[in-house]
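Bear in mind that the values here come from a model prediction, so they are computed numbers and not experimental data. In the text below, chain A, chain B and the rest are named by the order of the sequence lines, each starting its count at 1.
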Amino acid sequence: MRLVTWNVNSLKARWERVEEWLVTCEPDVVCLQETKLADTAFPAMDFSALGYESAHHGEGRWNGVAILSRVGLDDVVSGFGDGEPADPEARLITATCGGVRVMSAYVPNGRALDNDHYRYKLAWLERLLAHLDAAADRSMPIAVCGDFNIAPTDQDVADPQSLVGATHGSGPERDALAKLLDWGLTDVFRDAYPNDEGLFSWWDYRSGNFHKGIGMRIDLILGSPGLADRVRWALIDRNARRGTRPSDHAPVVVELVDP
DNA sequence: ATGGTAGAGCATCTA
């Protein structure tokens, strides 16, 4: 099974790129973030024509997450399954695909360390932990995929100095991510390339950062033991960041062996 | 000292 996470930064603006990439890469399960669509505008029929069932959780203008699957798509949960009041933003969707409990997450950016949105980011990550207990069965392989807006370590940043006093690499964010790993998840891409630097999934559109190699690895696939043990290979498709009107994120791809 | 770009949507907000 081939599993992907990709922040497409507007599915409407990216449709042709996404369609072309799906046909070429042939993934089985795809987690999308930042569709920036309402559920009524989500192109489920177009994905169906490409062979994918889909589930989308969107609000319109911003955010929006989806899961595509050609190996089944069941038991969908939109948002958090913790019984608390609904998240005001559409940032999480969960489904079972091909025997794997899959989550597509778009973790809040945080904006700045003194911003309310940063506190929302930390609270959101705490809630994701509770959601794991509520919506995932530990006896099943689990894949928490998405744009975490956190570079796990300085190894995942071109210029760690640029993150001092900023979001994406602060202690509390990295601690929150560590709690997810402590729950029993593995960063399966880093597991495949433990010593490599310069492996990024996002590059700022500004200043030609992609071509300068200045980016961060913030798009992650966190797998439970039953998933992480099945990883045959992993890659980040930087070619998807080149050419006409690309997303600022590249897709992260993981190939799993059959159980 | 703060920009630079891209997307949504039409003034800015978000990233």
Roughly how many Å is it from CD in E34(A) to P in dA6(B), rounded to a whole number? 15 Å

Considering only atom P, compute the distance from dG4(B) to dG9(B) and round it to an integer number of Å. 24 Å

Could you run down nucleotides 7-14 of chain B 5' to 3' and tag each one B, S or - for protein heavy-atom contact under 4.0 Å? BSS-B-BS

When rounded to whole Å, the CG to C1' distance for the pair N209(A) and dT2(B) reads 14 Å

In whole angstrom, give me the gap between the P atoms of dA8(B) and dT2(B). 29 Å

How close or far is atom C1' of dG3(B) from atom NZ of K212(A), stated in whole angstroms? 11 Å

Would you kindly check if the NZ (Lys) or CZ (Arg) of R91(A) is within the cone defined by 45 degrees around the ring axis of Y106(A) and under 6.0 Å from the six-membered ring centre? yes

Distance check needed: dA6(B) P versus R206(A) CZ, whole Å only. 11 Å

Taking atom types as modelled, find out whether D237(A) and W21(A) have a side-chain donor-acceptor pair closer than 3.5 angstrom. yes

Toward the 5' end of DNA chain B, which comes first, S207(A) or N7(A), by nearest nucleotide? S207(A)

Do R2(A) and D28(A) sit within salt-bridge range, that is, some charged N less than 4.0 Å from a carboxylate O? no

Under 4.0 Å between a Lys/Arg side-chain N and an Asp/Glu carboxylate O for K121(A) and E173(A)? yes

Starting at CH2 of W203(A) and ending at P of dA6(B), how long is that distance when rounded to a whole Å? 16 Å

Could you list all the side chain to side chain donor-acceptor pair (under 3.5 Å) pairs where at least one residue sits in residues 48-61 of chain A, not counting sequence neighbours? T35(A)-H56(A), D39(A)-H56(A), E59(A)-N63(A)

Is there a side-chain contact between T5(A) and Q33(A) (heavy atoms, below 4.5 Å)? yes

Pick the P atom in dA1(B) and in dA11(B), then give their distance to the nearest Å. 33 Å

